[in-house]
Amino acid sequence: MQTVFQKPEALTDVQMHYCPGCTHGIIHRLVAEAIDSLGIREQAIGVASVGCSVFAYDYFNCDMQQAAHGRAPAVATGIKRVRPDNIVFTYQGDGDLASIGMAEIVHAAARSENITVIFVNNAIYGMTSGQMAPTTLLGQKTATSPRGRTAEEMGYPIKMCELLATLEGPAYLTRVSTHDSRHVLQAGRAIKKAFEMQQQKKGFALVEVLSTCSVNWGMTPVDALKWVEQNMVPYYPLGVYKDVTAKEGN
Ligand SMILES: Cc1ncc(C[n+]2csc(CCOP(=O)(O)OP(=O)(O)O)c2C)c(N)n1
């Protein structure tokens with residue numbers, strides 16, 4: 001019988017712990033599919049961060065290293081510099097990357113470290129049960145903004161792709177989403193391209209993936225996907241923010 005669908009080799013058989021409706025599992029699969037299709041599983045080294053994806057080291061079937069909260073780009077920098085022939089990626093949430101890890105990501109991008117960053121933006125601190133993140137939308141209710149985020153009190157949500165696009169360093173910056181199957185397929189293509197950029201030694205590549213946290217948002221999984229489309233996408237426009245290969249006509 002012909003196999004039409006199977007688990008990517010780059011995922012282990014360990015059952016994931018993610019909540020119903022969470023899109024971390026989908027994004028794990030997209031990363032694993034990209035690794036499989038490029039044939040780089042033996043070369044790949046992932047850096048797991050701290051957040052709901054803290055157990056990523058159990059789920060990816062490649063070498064993995066755990067970093068302290070926010071420090072994954074610094075750890076990935078070290079690994080890539082001593083092992084330049086390996087393909088090194090980080091997998092980070094928005095609390096991890098855009099709050100405590102802001103300095104690490106900005107400097108890794110400015111240095112154009114030849115690493116691939118998977119940035120999962122679910123607009124909240126998921127693992128610690130729903131506090132406001134730097135990416136929480138204005139008006140969004142969280143455990144620490146129970147009446148909704150206001151610009152006056154809490155400032156504006158940070159748009160990481162736009163911010164990093166002001167730097168000379170990055171080679172590839174793109175924002176994709178997981179709110180329906182068409183966008184999931186697009187996200188997969190972007191993640192694969194971000195790994196290819198590293199293979200071609202182009203420098204720093206980051207894929208921001210808009211994601212859900214239905215449990216901490218207090219929504220059903222279906223409503224959470226609609227919320228991404230109706231609320232996150234307008235504030236965080238999808239698209240390519242930087243692509244040095246486009247200039248080269250590749
Ligand atoms: C140095 C340090 N500070 C704070 C924490 C607590 N902490 C663990 S996970 C987390 C937030 C994670 O949120 P995010 O990165 O958005 O990922 P998500 O869980 O939503 O996927 C925080 C603040 C920690 N583990 N270490």
Side-chain angles (χ1 to χ4, degrees), residues 11 14 16-32 46-60 64-76 89-109 116-138 140-146 149 154-161 163-164 175-179 184 187 191 206-219 221 224-225 227-228 231-232 235-236:
L11 285 181
V14 175
M16 292 178 188
H17 72 287
Y18 296 117
C19 304
C22 170
T23 46
H24 266 307
I26 292 174
I27 302 164
H28 280 19
R29 186 180 171 103
L30 295 177
V31 171
V47 182
S49 58
V50 175
C52 288
S53 57
V54 67
F55 297 132
Y57 53 75
D58 274 344
Y59 304 148
F60 286 112
M64 294 293 292
Q65 173 66 51
Q66 175 69 49
H69 198 33
R71 314 298 180 231
V75 173
F89 69 97
T90 72
Y91 187 104
Q92 303 175 255
D94 47 309
D96 185 277
L97 181 142
S99 188
I100 194 169
M102 180 61 105
E104 279 76 7
I105 198 67
V106 169
H107 286 276
T116 301
V117 174
I118 310 299
F119 167 41
V120 180
N121 179 0
N122 61 8
I124 209 160
Y125 283 18
M127 182 197 194
T128 43
S129 60
Q131 295 83 4
M132 191 184 73
T135 46
T136 295
L137 295 181
L138 290 180
Q140 188 181 340
K141 290 185 178 156
T142 70
T144 47
S145 58
R149 179 178 189 159
M154 299 105 166
Y156 291 91
I158 298 176
K159 300 179 179 189
M160 284 307 302
C161 279
L163 189 150
L164 295 174
R175 184 181 291 120
V176 295
S177 181
T178 48
H179 66 268
V184 168
I191 289 170
L206 177 145
V207 181
E208 175 174 346
V209 189
L210 300 185
S211 180
T212 58
C213 184
S214 50
V215 168
N216 284 306
W217 293 354
M219 294 177 202
L225 292 172
W227 196 83
V228 171
N231 296 278
M232 288 185 77
Y235 189 80
Y236 295 114

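Ligands are counted one by one from 1 in listed order, and the atoms in each one are counted from 1 as well.
Using a 4.0 Å heavy-atom cutoff, Val50 is listed among the residues neighbouring ligand 1. Proximity of His24 to ligand 1 is established by a heavy-atom distance of less than 4.0 Å.
Looking only at heavy atoms of the protein, atom 20 (O) of ligand 1 is closest to Gly126 N, 2.7 Å. For atom 22 (C) of ligand 1, the closest non-hydrogen atom of the protein is His69 NE2, 3.4 Å. Looking from atom 15 (O) of ligand 1 to the surrounding protein, the closest heavy atom is Asp96 N, 2.7 Å. The single protein non-hydrogen atom nearest to atom 12 (C) of ligand 1 is Gly51 CA, 3.7 Å, given as residue, atom name and distance. Of all protein heavy atoms, the one closest to atom 1 (C) of ligand 1 is Ile100 CD1, 3.7 Å. Residue, atom and distance of the protein heavy atom nearest to atom 9 (S) of ligand 1 are Met127 SD, 3.4 Å.
Of the possible polar contacts, one joining the Gln66 side chain to the Ser49 backbone as a donor-acceptor pair under 3.5 Å is found. Within the 3.5 Å criterion, the main-chain N or O of Val209 finds no donor-acceptor partner in the side chain of Asn121. Judged by distance alone, with hydrogens and angles left aside, the side-chain atoms of Trp217 form no donor-acceptor pair with the main-chain N or O of Ile124 at under 3.5 Å. Here the side chain of Arg29 pairs no donor or acceptor atom with the backbone of Leu11 at under 3.5 angstrom.
Ligand 1 has a nitrogen or oxygen under 3.5 angstrom from a nitrogen or oxygen of Ile124. Not one N or O of Tyr125 is nearer than 3.5 Å to an N or O of ligand 1, by distance alone. The N/O atoms of Ser53, backbone and side chain alike, include none that comes under 3.5 Å of an N/O atom in ligand 1.
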Practice problem: List the steps, then state whether side chain to side chain donor-acceptor pair (under 3.5 Å) holds for Tyr125 with Thr144. | Solution: CA-CA 10 Å; Tyr125 283 18; Thr144 47; over 6 Å; no
Self-check item: Criterion side chain to side chain donor-acceptor pair (under 3.5 Å) on Ser211 and Thr178, from CA distance to verdict
Solution: CA-CA 6 Å; Ser211 180; Thr178 48; 4.9 Å; no
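Exactly one residue among Val117, Ile191, Val207, Thr116 makes a side chain to side chain contact (heavy atoms under 4.5 Å, CB included) with Phe89. That residue is Thr116.
Proximity annotation for atom 6 (C) of ligand 1: of Thr136, Asp94, Thr128, Thr128 comes nearest, heavy atoms only.
Less than 4.0 angstrom separates some heavy atom of Gly95 from each of these atoms of ligand 1: 14 (P), 15 (O), 16 (O).
Counting only heavy atoms from C-beta outward, the side chains of His17 and Tyr59 approach each other to under 4.5 Å.
Around the OH atom of Tyr156, the shell of radius 6.0 Å holds no more than 12 heavy atoms that belong to other residues, nucleotides or ligands.
By the criterion of a heavy-atom distance under 4.0 Å, neither the backbone nor the side chain of Leu97 is placed next to ligand 1.
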